[in-house]
Colleague: 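Quick one: structure below, then a few questions.
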2 protein chains.
Amino acid sequence: MNDTRQFHLLAGQVSDRGARSDEAIYQALWEAIVEHRLSPGARLPEDALSHAFGVSRTTVRRVLQRLALEQLVTLRPNRGAQITSPTPSEARDVFRARRLMEGALLAEVLPRITPADLKALEAIHERETRAEREHAIRLSAEFHSRLVAIADSPSLSEALSQLISRTSLIIAVYGRARAGCPCEHIELIELLRDGALAPVQRWMSAHLTRIEASLDFTASGDALPDFEHLFGHHREQSAS
Amino acid sequence: MNDTRQFHLLAGQVSDRGARSDEAIYQALWEAIVEHRLSPGARLPEDALSHAFGVSRTTVRRVLQRLALEQLVTLRPNRGAQITSPTPSEARDVFRARRLMEGALLAEVLPRITPADLKALEAIHERETRAEREHAIRLSAEFHSRLVAIADSPSLSEALSQLISRTSLIIAVYGRARAGCPCEHIELIELLRDGALAPVQRWMSAHLTRIEASLDFTASGDALPDFEHLFGHHREQSAS
DNA sequence: TGGAAAATGCTTGTATACAATCATCGAGAC
DNA sequence: GTCTCGATGATTGTATACAAGCATTTTCCA
């Protein structure tokens, strides 16, 4: 019943509609997914989204396809889109991939890191500790993204960003307590300041393993989120 | 003048049209790009493609968006799609990313490799040496894809596959002689058989660096490929 | 009363129509 | 003769219409 209002709050964030609204809609959905306001398994009817964002289904569909290629939503033929529920094996794969990539990337990060970078990471960590649960999850992802960005390799940054987003999804399904303890990140900053590669790599691997170990793969994780409360009303009934 | 016929030959490969033609069209375009039958800079008019493949622009557009997200084609607003011409800095980044990822991945490959895997790699190498120039490029990409697949990590395989495809694009623009000497791959197979990690990693890094070093970054690389000869005529004028 | 089959409603898949934007070509003025 | 401005053609961007598919519910029969 009235799916539309569920997404309206989401659409509220979208200011510049009209020209190139794809990016805005993508951002809104991406944040909602990463911040766990949209739970895995949630259905994403094109009609409701198009109405909420004030665009046609064509535009919504394009954004959904992009999210699907990034594995954040699953597109089943004739069944529509829903937030991806990673399987346990997919989850383990993502952590393995992250351990490998982030470990290797740190060797590129360390020689390039500047005091400004450390300051930026500290700032994110600071906000992490203060933020609400939801924002903390996004900020934790932002911390890792920012870290790998120091390596200055667009290809690797993008690949890892996708893995990081998917991690948020995994935590949404299998996470018990909070996601990987943001408090831990301060330890990494100290190690980065020291500048020794091996300890940094060891810490990162352990960090990711700790998060993975904190998961409970027995949970099912099928939920129907409350879209109405999520995105609020973007415009009344509208339409001509 | 009649762009349509340019793509018809491409469409000829697409047998199962109708239900879920996306994958077939994607494959056809992907192969044409990787095999250098479609050169960087080539424009991809939606109308011509839709006519050649016998589908609507909607379907073509979806495939083009996917290729764009994989960085194989570039989508400029109101200007349409064209095969991506990687910049020199993008090219260098791809090689750096590949050195890093493939190097790290080999540590995962080596413990898992089986005699069957070695046989499969040998088979690809065999076909590489016999194939025409065009197919050799695709087979070289396939060799690397197959190699990383042994690590059994879907996430990493997909990420690396994209980098490998982009490498083909880079060679198309900046390559002088043939792409990285397929003959070299036999050396890697021998090293893999030995089973020592360090030499394998060293070889791979050197292999990629050799390919990169063989490039000429002074070339511009703007060309308009002959679509008609490329894809042939898929169906006459058709349409109702 | 329980199960199965059919019908209805809703959602997606595809194609097409119309509007907007850009590139090209031509004409005119300096 | 060259440069600039205007018009025309082609291509893309968006929205909508229609058809096809799935899910649910209702109804009928055992």
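Note on naming: letters A, B, ... go to the chains in the order of the sequence lines (proteins, then strands), and numbering restarts at 1 for each one.
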Colleague: Does A:Glu46 or B:Arg76 map to a spot on DNA chain C nearer the 5' end, using the closest nucleotide for each?
Modeller: A:Glu46

Colleague: Given C:dT11, C:dT14, D:dA15, identify the nucleotide with an atom nearest to the side chain of A:Val55.
Modeller: D:dA15

Colleague: Specify the separation, in whole Å, of atom CD of B:Gln65 and atom C1' of D:dT12.
Modeller: 15 Å

Colleague: Using side chain to side chain contact (heavy atoms under 4.5 Å, CB included), reason through B:Ile171 and B:Ile137 one step at a time and then give a plain yes or no.
Modeller: CA-CA 9 Å; B:Ile171 291 171; B:Ile137 296 171; 5.6 Å; no

Colleague: Return the nearest nucleotide to the side chain of A:Ser56; candidates are D:dG13, C:dT12, D:dT14.
Modeller: D:dT14

Colleague: Roughly, in whole Å, what's the span from CG in B:Asn78 to P in D:dG9?
Modeller: 20 Å

Colleague: Quick check for you: to the nearest 0.5 Å, what is the distance between A:Leu160 atom CG and A:Thr167 atom OG1?
Modeller: 9.0 Å

Colleague: With under 30° as parallel and over 60° as perpendicular, where do the rings of B:His144 and B:His207 fit, or are they tilted in between?
Modeller: parallel

Colleague: Looking only at N and O atoms, is any donor in the side chain of B:Arg79 or the base of D:dG13 less than 3.5 Å from an acceptor on the other one?
Modeller: no

Colleague: Just how far, in rounded Å, is P of D:dT11 from CG of B:Leu49?
Modeller: 12 Å

Colleague: Measure from the side-chain heavy atoms of A:Thr58 and tell me the nearest of C:dT11, C:dT14, D:dA15.
Modeller: D:dA15

Colleague: Yes or no on side-chain hydrogen bond (donor to acceptor under 3.5 Å, both in side chains) for A:Thr84 and A:Thr74, after CA distance, side-chain angles and deciding distance?
Modeller: CA-CA 5 Å; A:Thr84 299; A:Thr74 301; 2.8 Å; yes

Colleague: Would you compute the distance between atom CD of B:Glu31 and atom OG of B:Ser165 and round it to the nearest 0.5 angstrom?
Modeller: 11.5 Å

Colleague: When the distance from CZ of B:Arg61 to P of D:dA15 is rounded to whole Å, what number comes out?
Modeller: 12 Å

Colleague: How many Å lie between CZ on B:Arg43 and P on C:dA23, as a whole number?
Modeller: 9 Å

Colleague: Between C:dA15, D:dT12, C:dG13, which one does the side chain of B:Thr59 approach most closely?
Modeller: C:dA15

Colleague: Let me know the distance between CG of A:Asp47 and P of C:dG9, rounded to the nearest Å.
Modeller: 17 Å

Colleague: Could you tell me how far apart A:Asp22 (CG) and D:dG13 (C1') are, to the nearest whole angstrom?
Modeller: 10 Å

Colleague: Between the side-chain atoms of A:Arg57 and the base atoms of C:dG13, is any donor-acceptor pair under 3.5 Å?
Modeller: yes

Colleague: Side chain of A:Arg62, heavy atoms from C-beta onward: which of C:dT21, C:dT12, D:dT14 has the nearest atom to it?
Modeller: D:dT14

